[in-house]
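Working notes, structure below.
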Amino acid sequence: MMGYDENNIFAKILRKEVPCETVYEDEKILAFRDIQPCAPVHVLVIPKEAYISFQDFSTRASPEDIVHYFKTVSRIACDLKLSDKGFRLVANTGSESGNMVPHFHTHIIGGKQLGDISGA
Ligand code: 5GP
């Protein structure tokens, strides 16, 4: 696997070189609004450590950090008031997924009736 690109846009956001609209932050995680939202609520949740992808995160991160990450994704969805009506989680992984930013992130998408995922 290629090394982590320190110049990817989310690395710059973490270093505060690029601004973002933060919705949640702790010592391990940052969540912020997507700059090109595809729904009324579109938030990206990223670990602060340098993981390239979901596969990288799930193989190298500690079990504690993985549990904390996914519990936090769930909590953020709750805080954004998405739990009742529902929402979608997306973690694009690899070139065929259309993944653009090589820092692991989960999209939380909701706030409207979402389209069918086929052909997504
Ligand atoms: P991917 O295709 O890698 O899963 O999604 C990357 C996401 O990052 C896209 O939805 C894109 O709109 C978002 N994004 C790209 N650059 C920036 C940025 O500078 N700020 C924010 N907040 N989001 C960004």
Side-chain angles (χ1 to χ4, degrees):
M1 184 188 294
M2 280 166 44
Y4 180 80
D5 173 11
E6 296 287 349
N7 285 318
N8 80 74
I9 190 75
F10 294 170
K12 290 180 181 177
I13 286 173
L14 284 167
R15 291 196 297 267
K16 303 198 187 305
E17 294 165 13
V18 170
C20 72
E21 194 183 328
T22 300
V23 299
Y24 174 89
E25 182 167 16
D26 67 25
E27 66 179 23
K28 297 268 183 189
I29 290 172
L30 179 67
F32 52 92
R33 300 210 182 256
D34 196 291
I35 205 166
Q36 280 194 296
C38 67
V41 179
H42 187 170
V43 166
L44 303 168
V45 186
I46 69 174
K48 288 186 174 177
E49 282 179 49
Y51 296 106
I52 297 171
S53 65
F54 171 69
Q55 298 300 68
D56 187 27
F57 179 69
S58 63
T59 52
R60 287 200 304 112
S62 69
E64 293 76 15
D65 284 357
I66 292 171
V67 167
H68 175 65
Y69 178 82
F70 284 104
K71 280 184 173 287
T72 303
V73 171
S74 173
R75 175 183 163 179
I76 293 166
C78 257
D79 291 350
L80 293 168
K81 313 241 180 293
L82 296 175
S83 293
D84 286 350
K85 288 190 169 176
F87 56 93
R88 180 173 292 160
L89 301 181
V90 174
N92 290 320
T93 309
S95 59
E96 286 201 349
S97 74
N99 173 234
M100 291 184 298
V101 180
H103 181 113
F104 169 53
H105 52 280
T106 302
H107 299 248
I108 302 177
I109 299 163
K112 70 169 187 180
Q113 182 65 52
L114 300 172
D116 195 300
I117 201 159
S118 62

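Each ligand, and each atom within it, is numbered from 1 in the order the structure gives. Starting from 1, each residue takes its place in the sequence as its number.
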Considering only heavy atoms, does [X] approach ligand 1 within less than 4.0 Å through its side chain, its backbone, both, or neither?
X      : result
Ile9   : side chain
Phe104 : neither
Val90  : neither

Shortest protein heavy-atom distance from [atom], along with the residue and atom involved:
atom                    : answer
atom 3 (O) of ligand 1  : Met100 N, 2.8 Å
atom 14 (N) of ligand 1 : Ile35 CG2, 3.9 Å
atom 1 (P) of ligand 1  : His105 NE2, 3.2 Å
atom 10 (O) of ligand 1 : Asp34 OD2, 2.5 Å
atom 22 (N) of ligand 1 : Arg33 O, 2.9 Å

Can you list the atoms of ligand 1 that are under 4.0 Å from a heavy atom of [X]?
X      : result
Asn92  : 1 (P), 2 (O), 4 (O)
Phe10  : 8 (O)
Gln36  : 12 (O)
His107 : 1 (P), 4 (O), 5 (O), 7 (C), 10 (O)
Gly98  : 2 (O)

Could you check if a side-chain atom of Phe87 sits within less than 4.5 angstrom of a side-chain atom of Leu114, using non-hydrogen atoms only? no
Would you call Tyr69 and Thr106 a side-chain contact if the rule is heavy atoms closer than 4.5 Å?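 Answer yes - side chains close enough.
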For Phe10 and Phe32, take the angle between the two ring planes, folded into 0 to 90°, and tell me which bin it lands in: parallel under 30, tilted 30 to 60, perpendicular over 60. perpendicular
On a heavy-atom basis, which atom in Ile66 and which in Ser58 lie closest, and how many Å separate them? CD1-O, 3.7 Å
For Lys48 and Asp26, indicate whether the former's side chain and the latter's backbone hold a donor-acceptor pair under 3.5 Å.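 Indeed, once roles are kept as given, a pair shorter than 3.5 Å links the two residues.
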Within the distance-only criterion (no hydrogens, no angle test), does the side chain of Asn8 pair as donor or acceptor with the backbone N or O of Asp5 below 3.5 angstrom? yes
Are His105 and His103 close enough that their ring centres sit under 6.0 Å apart? no
Centroid-to-centroid, Phe104 to Tyr51, below 6.0 Å? no
Return a yes/no value for Phe32: is any of its N or O atoms, backbone included, closer than 3.5 angstrom to an N or O of ligand 1?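 In fact, backbone or side chain, Phe32 has no N or O that close.
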Distance-only side-chain donor-acceptor flag, Ser118 / Asp116, under 3.5 Å: yes
